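What follows is a single structure, written as structure tokens, with notes after it.
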Amino acid sequence: MPEQLVDFYSFNNKIYIVIKSVSYNNNEYVFLSNEMDNSDDMIRRISGNKLLPIESDEEYLSVVKKMFN
């Protein structure tokens with residue numbers, strides 16, 4: 001079986017694995033899950049090498065629709 005690379009980010013001293021990513025409105029978004037606690041997940045916007053919070057409910061709903069439809 002070939003090796004698979006897994007993308008991840010360190011956030012608040014925890015490791016979050018990238019479950020899904022999507023481009024929307026000239027931005028990149030990721031759905032992340034804590035490697036040690038699968039109930040700890042989040043969606044963040046990527047800017048450079050930083051994870052930024054989503055700024056509005058409208059942005060969040062649009063990204064979720066794009067990501068999971």
Side-chain angles (χ1 to χ4, degrees):
M1 176 184 266
E3 290 184 31
Q4 284 188 301
L5 297 177
V6 176
D7 289 332
F8 67 92
Y9 287 89
S10 178
F11 187 79
N12 290 339
N13 296 318
K14 299 175 188 172
I15 301 296
Y16 287 85
I17 297 170
V18 176
I19 304 299
K20 190 162 188 171
S21 63
V22 66
S23 294
Y24 174 74
N25 224 16
N26 296 320
N27 290 301
E28 186 73 20
Y29 296 87
V30 288
F31 176 59
L32 304 162
S33 181
N34 182 330
E35 73 169 344
M36 302 302 285
D37 179 4
N38 64 2
S39 68
D40 179 11
D41 55 32
M42 66 180 124
I43 296 175
R44 291 289 189 261
R45 182 169 45 92
I46 299 173
S47 178
N49 201 21
K50 294 182 181 182
L51 294 174
L52 302 176
I54 293 179
E55 296 177 2
S56 68
D57 290 344
E58 181 181 321
E59 179 185 15
Y60 175 80
L61 290 173
S62 296
V63 169
V64 168
K65 285 179 185 177
K66 175 94 172 157
M67 192 171 280
F68 297 107
N69 279 336

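When reading the values below, keep in mind they use all heavy atoms of this one structure, side chains included, and skip hydrogens, waters and symmetry mates. Here the structure is a predicted model, which means the values were calculated and not measured.
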Identify every side-chain donor-acceptor pair in residues 46-53 under 3.5 Å, counting partners at least two apart or on other chains, and give the distances.
none

* To do: Scan Val18, Asp40, Ile19 and name whichever one has a side-chain contact (heavy atoms from CB on, under 4.5 Å) with Ser33.
  => Ile19
* Asked: Around atom CG of Asp37, are there more than 12 heavy atoms of other residues, nucleotides or ligands at under 6.0 Å?
  -> yes
* Asked: Closest approach of Ser23 and Glu28, non-hydrogen atoms and distance?
  -> OG-OE1, 2.7 Å
* **Minimum-distance pair of heavy atoms, taken over all atoms of Met67 and Lys20** => O-NZ, 2.8 Å
* Is any side-chain heavy atom of Leu32 closer than 4.5 Å to a side-chain heavy atom of Tyr9? -> yes
* Heavy atoms only: give me the nearest Ile54-Glu59 pair and the separation to one decimal. => CG2-OE1, 3.3 Å
* Should we count CZ of Phe11 as having more than 12 external heavy atoms under 6.0 Å? -> yes
* Asked: With ILVMFWY side chains joined below 4.5 Å, transitively, what does Ile15's cluster contain besides itself?
  -> Phe8
* To do: Give, for atom CE of Met42 and atom CG of Asn12, the distance between the pair rounded to the nearest 0.5 Å.
  => 7.0 Å
* **ring-ring contact (aromatic ring centres under 6.0 Å, His included) contacts touching residues 13-33 (sequence neighbours left out)** => Phe31-Phe68
